Amino acid sequence: LILARTGVRVDVDSISMLSAFDVHRRLAQRLVSGRTVLIGDAAHQVSPIGGQGMNLGWLDATELVPIITASLVDGRDVGRDLSAFDQRRRRAAVTAARQAHLNMALGRPLPRPVLAARNTLLGRCNAVPAVHDTIARTFTMQ
Ligand SMILES: Cc1cc2nc3c(=O)[nH]c(=O)nc-3n(C[C@H](O)[C@H](O)[C@H](O)COP(=O)(O)OP(=O)(O)OC[C@H]3O[C@@H](n4cnc5c(N)ncnc54)[C@H](O)[C@@H]3O)c2cc1C
């Protein structure tokens, strides 16, 4: 498949870093407790099949840095900022988890004729520029 789609021949025998993984969907009840903040997979896990858990974690960090900076550098009380952070990032995780779930459902194996029909349908939809752009924006979490 890789050869057909990319022109690159992968040497199967030389692949040494193989590992299995499970699909988990978890969301911590709260991300903030006093001065402790959960981010990344410790805060939320989404399906890796069609999911973007790492990006979600980086976005947590990006939002958290100015709050930590305000607290450390300016000495500001950031309790409210942390509560707002908690709500925003939990909402973002719920959205990302739903998206990952949908992606996983769309990509799941199917009997051959149904698979061909699904791939053709998705391929045609993706050829429509507006649909293509929306999918690209969604996958890159913009
Ligand atoms: C197969 C697969 C494919 C994926 N593909 C993508 C993708 O294409 N795009 C994407 O955005 N995301 C993807 N992800 C998700 C991404 O890998 C995770 O969301 C991301 O690695 C989470 O980073 P993290 O730093 O929060 O947690 P982790 O990567 O789990 O890091 C936590 C670290 O803490 C260490 N640790 C745990 N307990 C302790 C302890 N007590 N003391 C010290 N250290 C400890 C662990 O060993 C680990 O190194 C994929 C995941 C999988 C499984």
Side-chain angles (χ1 to χ4, degrees), residues 1-74 76-112 114-142:
L1 272 178
I2 293 171
L3 179 62
R5 290 181 184 179
T6 67
V8 175
R9 184 180 295 281
V10 178
D11 176 15
V12 180
D13 294 331
S14 68
I15 298 173
S16 58
M17 295 180 67
L18 293 174
S19 63
F21 64 94
D22 291 324
V23 173
H24 295 291
R25 183 176 174 174
R26 294 196 182 101
L27 176 60
Q29 286 178 349
R30 56 195 168 129
L31 308 191
V32 178
S33 174
R35 290 161 56 88
T36 307
V37 183
L38 292 180
I39 64 169
D41 276 20
H44 38 62
Q45 256 183 302
V46 303
S47 165
I49 305 170
Q52 294 113 348
M54 185 180 61
N55 291 304
L56 197 60
W58 279 118
L59 292 173
D60 294 341
T62 305
E63 282 205 30
L64 188 57
V65 165
I67 302 177
I68 294 177
T69 306
S71 170
L72 292 180
V73 178
D74 309 335
R76 197 151 56 79
D77 178 357
V78 292
R80 279 195 181 170
D81 296 329
L82 285 175
S83 296
F85 168 87
D86 190 324
Q87 285 176 18
R88 264 197 321 273
R89 295 318 299 157
R90 280 170 42 82
R91 266 201 308 274
V94 168
T95 304
R98 283 200 193 120
Q99 205 172 288
H101 197 77
L102 175 67
N103 292 340
M104 192 170 70
L106 287 174
R108 65 185 305 160
L110 292 169
R112 202 169 265 274
V114 190
L115 182 74
R118 180 195 68 190
N119 289 350
T120 305
L121 179 68
L122 289 180
R124 290 212 177 125
C125 289
N126 201 30
V128 178
V131 176
H132 176 275
D133 290 354
T134 304
I135 293 173
R137 271 198 305 277
T138 308
F139 265 88
T140 49
M141 293 189 142
Q142 293 175 44

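In listed order, ligands and their atoms are each counted from 1. We're numbering straight along the sequence, starting at 1. Everything numeric in this text was worked out from a predicted model, so none of it was measured.
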Asks: Hey, could you give me each pair passing side-chain hydrogen bond (donor to acceptor under 3.5 Å, both in side chains) that has a residue in residues 95-107? Not counting sequence neighbours.
Replies: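 Residue pairs with at least one partner in residues 95-107: there are none.
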Asks: For residues 42-67, run the donor-acceptor check on the side chains, cut-off 3.5 Å, and write out each pair with its distance to 0.1 Å, sequence neighbours left out.
Replies:
residue	atom	partner	partner atom	Å
His44	ND1	Gly40	O	3.2
His44	NE2	Asp60	OD2	2.6
Gln45	OE1	Arg26	NH1	2.6
Ser47	OG	Ile49	N	3.1
Ser47	OG	Ile49	O	3.4
Gln52	NE2	Phe139	O	2.8
Asp60	OD1	Arg89	NE	2.6
Asp60	OD1	Arg89	NH2	3.3
Asp60	OD2	Gly40	N	3.0
Thr62	OG1	Trp58	O	2.8
Glu63	OE1	Arg88	NE	2.7
Glu63	OE1	Arg88	NH2	2.9
Glu63	OE2	Arg89	NH1	3.3

Asks: Between His132 and Asn126, which heavy-atom pair has the shortest distance, and what is it?
Replies: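 Closest pair (atom of His132, atom of Asn126, distance): CB-O, 3.2 Å.
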Asks: Hey, is CZ on Arg118 packed in by over 12 heavy atoms from elsewhere, all under 6.0 Å?
Replies: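 Correct, the count exceeds 12.
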Asks: In terms of heavy-atom contacts, does CD1 of Ile2 have more than 12 from other residues, nucleotides or ligands at under 6.0 Å?
Replies: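 Atom CD1 in Ile2 is not crowded, with 12 or fewer foreign heavy atoms closer than 6.0 Å.
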Asks: Sort out the contact shell of ligand 1: every protein residue with a heavy-atom distance below 4.0 Å, listed by chain and number.
Replies: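 Ligand 1 pocket, heavy atoms under 4.0 Å: Phe21, Gly40, Asp41, Pro48, Gln52, Gly53, Met54, Asn55.
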Asks: Going by the rule side chain to side chain donor-acceptor pair (under 3.5 Å), which residues pair with Arg76 if we only count those two or more places apart in sequence or in a different chain?
Replies: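 Here the qualifying residues are Asp81.
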